[in-house]
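Bear in mind that the values here come from a model prediction, so they are computed numbers and not experimental data. Chain A is the first sequence line, chain B the second, and so forth, proteins listed ahead of strands; every chain is numbered from 1. We use all heavy atoms of the structure for the numbers below, so side chains are in, but hydrogens, waters and symmetry mates are not.
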There are 4 protein chains.
Amino acid sequence: MARRGRPRNEQSTTDILVATLELVSEVGLSALTMDAVASRAGVSKATIYRRWSSKEQLLLDAWMSAVRRPDEPDTGSLRDDLRAMFTGLGLDPLPGVDIQRVFPQMIAAAKVNDDVAAAYRAFITERRRPMQAVLRRAVARGELAADVDLDLVHDLLVAPVVYRWLVSDGPVDESVTTRLIEIVLTGVDALPRLEV
Amino acid sequence: MARRGRPRNEQSTTDILVATLELVSEVGLSALTMDAVASRAGVSKATIYRRWSSKEQLLLDAWMSAVRRPDEPDTGSLRDDLRAMFTGLGLDPLPGVDIQRVFPQMIAAAKVNDDVAAAYRAFITERRRPMQAVLRRAVARGELAADVDLDLVHDLLVAPVVYRWLVSDGPVDESVTTRLIEIVLTGVDALPRLEV
Amino acid sequence: MARRGRPRNEQSTTDILVATLELVSEVGLSALTMDAVASRAGVSKATIYRRWSSKEQLLLDAWMSAVRRPDEPDTGSLRDDLRAMFTGLGLDPLPGVDIQRVFPQMIAAAKVNDDVAAAYRAFITERRRPMQAVLRRAVARGELAADVDLDLVHDLLVAPVVYRWLVSDGPVDESVTTRLIEIVLTGVDALPRLEV
Amino acid sequence: MARRGRPRNEQSTTDILVATLELVSEVGLSALTMDAVASRAGVSKATIYRRWSSKEQLLLDAWMSAVRRPDEPDTGSLRDDLRAMFTGLGLDPLPGVDIQRVFPQMIAAAKVNDDVAAAYRAFITERRRPMQAVLRRAVARGELAADVDLDLVHDLLVAPVVYRWLVSDGPVDESVTTRLIEIVLTGVDALPRLEV
DNA sequence: TATTAAGCGAGACGGTACGTCACGTCTTAGG
DNA sequence: CCTAAGACGTGACGTACCGTCTCGCTTAATA
């Protein structure tokens with residue numbers, strides 16, 4: 001059953017999300033103002049508050065709309081699947097939006113607002129599925145031992161990239177990701193024999 | 001030559017830093033107000049602004065004052081050195097301060113304010129020295145190949161812990177850190193033979 | 001054309017003017033604070049600044065709203081007209097407002113702020129009209145010589161009253177105003193014969 | 001008995017008074033700050049507060065130091081005495097000080113601060129003495145009736161000049177003061193015969 | 001076709017916090 | 001004891017945003 005009254009303008013919704021990403025990218029969450037979002041989106045504040053209850057919720061939605069779910073390759077080789085997944089990681093979704101600047105603001109928001117934290121966790125769980133599937137197929141093929149902690153392997157592979165983005169500003173290029181995959185897979189492969 | 005005028009009260013400085021850590025820990029950077037810091041520290045806003053030019057600078061100093069530089073163990077074994085370094089990681093420096101809640105706020109601040117970013121980078125570089133020294137001694141002892149990228153090894157070891165704190169909320173206990181060290185060191189050890 | 005947006009609350013405007021008069025009456029212009037006006041009027045500071053750009057402008061409007069334009073009597077006799085005009089001079093317009101305490105603050109403000117000075121002068125010119133009319137009718141009736149300087153006569157009549165309010169704290173009662181009118185009119189009457 | 005310790009610097013006292021007059025002349029009492037006075041006088045704030053307890057007291061002293069007591073002419077003719085007294089009225093005492101801008105600030109201060117009001121009244125009483133003496137000598141010579149209210153005559157003469165300074169911005173030149181004296185003296189002369 | 005309900009931009013509203021300035025006091029090192 | 005310098009807690013400044021609330025108007029579904 002259709003709702004009565006004038007329907008919401010979906011273009012406004014999109015404009016607000018884009019404006020939010022741009023502004024968070026420019027000035028951060030702390031300096032983000034609803035007035036600025038409204039102004040840049042060409043929308044009134046009421047139109048924003050009709051859709052989101054807080055700056056953090058808005059940022060969450062904006063971020064989720066910008067971060068695409070990774071493809072799930074299936075080349076038959078774990079190393080090739082992983083190399084495919086690391087390609088194109090961290091590309092900016094929109095002109096004027098630096099997603100690597102938005103990400104830490106998103107994390108900071110999730111650490112502060114419990115509702116945002118729950119939604120953020122659910123989104124992360126969903127986003128991890130493709131790599132979990134890749135790893136599970138590798139187990140099925142015998143490329144990984146059956147008793148390996150897949151969450152740990154996942155984190156060992158992903159963490160260094162995110163860490164360099166967020167904390168240490170180190171380079172993240174193909175040379176790095178290739179060595180990273182090799183070290184982790186080799187280490188994990190040796191681990192069961194070491195009885196840990 | 002002696003400075004003229006009434007000297008600054010060092011107790012006030014300390015009180016402000018502690019109040020800042022407590023409040024960031026409680027409400028985050030975005031909701032942190034200078035008025036609240038002043039009030040909790042029993043100090044006037046002017047006294048804060050006389051010392052720091054922005055909320056971000058203040059948080060930076062507070063965080064640096066709270067994060068102790070890690071010890072630099074020298075047991076003669078790389079594995080034992082690393083195990084020692086991972087022990088006691090992330091302990092809270094003050095009652096009422098959850099440093100793992102403060103850290104992402106600190107990162108978010110550094111991504112927004114260039115001056116803070118520079119000071120943050122310098123601090124991180126300094127903080128990495130002990131583990132770099134541990135790794136260099138391992139190279140000297142022949143436990144690590146001479147041509148290994150020590151920065152990459154460093155990040156492979158540290159990143160998963162920080163990643164679980166910040167992003168995935170996974171567990172970080174002794175079982176995890178032990179396997180982590182084993183996987184990385186084993187993988188790195190195999191790497192040169194793989195000619196990467 | 002209709003104005004857009006929520007219209008201003010006229011009750012707030014009135015409340016602010018009354019609060020301003022009360023506070024200036026109590027503590028003077030120098031100690032008047034916008035915070036106190038806002039608080040007493042039950043209004044936010046922004047609501048004040050939306051209407052007036054400075055303390056002085058606010059006082060000007062408050063004062064103008066409080067000072068009623070004098071009646072313009074027309075008894076057929078100059079002496080009777082003047083006596084009527086001097087009656088009820090300086091009555092307080094509101095409970096809690098001592099207009100004789102407000103007036104010097106108003107003058108001080110006008111001497112400092114050029115915009116206020118201009119508006120003040122315009123208001124004074126307007127306010128002088130009734131007595132100027134009374135004097136002109138007296139000229140028409142032959143009670144005053146045609147070549148008399150009406151501005152000077154006006155000032156001679158009004159100045160002593162204001163002077164005693166502001167400067168010398170002398171009494172201003174009916175005996176004083178009656179003698180004042182008599183002396184000035186008699187003196188003016190004699191003047192042309194003295195060829196000045 | 002001489003006071004112990006370092007004596008006060010009298011030059012500082014003078015510098016403070018001059019700086020106060022200049023600043024009140026420029027920005028008014030409301031915008032006058034002790035910091036600005038200290039800065040312009042080349043003196044520390046403590047040096048000001050050691051001498052005066054408030055802005056109003058300081059202005060009072062500054063104003064009293066600037067307004068010279070009028071001469072007391074004795075020409076043998078009331079009209080000539082008055083004409084002499086009106087000459088040179090309102091001259092500025094210092095370069096950079098507009099005493100007609102300072103005066104209303106002084107009055108405003110006196111209406112707000114009771115201590116200042118008392119000192120101001122005493123000063124005014126003292127300042128009125130020369131003209132009171134002139135008027136009393138005129139009574140002795142028979143130029144004025146013995147039962148005339150000298151305070152009222154005084155105010156009738158002085159008020160229009162002050163009124164034009166403060167309120168109506170009308171001209172105050174020799175033509176005005178001459179006619180003023182003539183009208184008032186003629187009017188007063190006629191008054192007793194009118195049995196008022 | 002007319003009514004009704006929600007959405008819309010604009011902008012005022014009572015608040016809170018901003019970063020600055022001035023208050024009057026105090027603490028330092030000297031004169 | 002006075003001085004200049006300058007830090008201190010307090011509190012007001014005028015501005016910017018908060019999230020809410022009228023306004024007049026627009027846009028569809030319902031009656």
Please tell me if the side chains of Trp63(C) and Val24(C) come closer than 4.5 Å, counting only heavy atoms from C-beta onward. no
Next on the checklist: Between Arg8(D) (side chain only) and Arg51(D) (backbone N and O only), is there a donor and an acceptor less than 3.5 Å apart?
Outcome noted: no
To the nearest angstrom, the CZ-C1' distance between Arg6(A) and dC8(E) comes to 5 Å
Paired with Gln11(B), the side-chain hydrogen bond (donor to acceptor under 3.5 Å, both in side chains) test is passed by just one of Asn9(B), Asp15(B), Thr14(B), namely Asp15(B)
Please examine the side chains of Trp52(C) and Ile48(C), heavy atoms only from C-beta on, and report whether any two atoms are closer than 4.5 Å. yes
Given the options Val116(B), Thr13(B), Thr20(B), Leu17(B), Asp61(B) meets side chain to side chain contact (heavy atoms under 4.5 Å, CB included) only with Leu17(B)
Stems for DNA chain E (at least 3 consecutive Watson-Crick or G-U pairs, under 3.5 Å) come to E:1-31 with F:1-31
Item checked: Pairwise side-chain contact, Leu59(A) with Val102(A), heavy-atom cut-off 4.5 Å (strictly under) -> yes
- Considering only heavy atoms from C-beta outward, does the side chain of Val112(C) approach that of Gln105(D) to under 4.5 Å? yes
Heavy-atom nearest nucleotide on DNA chain E taken for Asn9(C) and for Pro7(B); more 5' hit belongs to Asn9(C)
Here the distance between atom P of dT22(F) and atom CD of Gln11(C), to the nearest Å, is 16 Å
- Task: Report yes if the side chains of Phe123(A) and Leu60(A) come closer than 4.5 Å at any heavy-atom pair, otherwise no.
- Result: no
Side-chain contact check for Arg8(C): nearest option of dT25(E), dA12(E), dT3(F) is dA12(E)
Here the distance between atom P of dG7(E) and atom CD1 of Ile16(A), to the nearest Å, is 13 Å
So, with a heavy-atom separation below 4.0 Å from DNA chain F, the residues of residues 24-58 of chain B are Gly42(B), Val43(B), Ser44(B), Thr47(B), Arg50(B), Arg51(B)
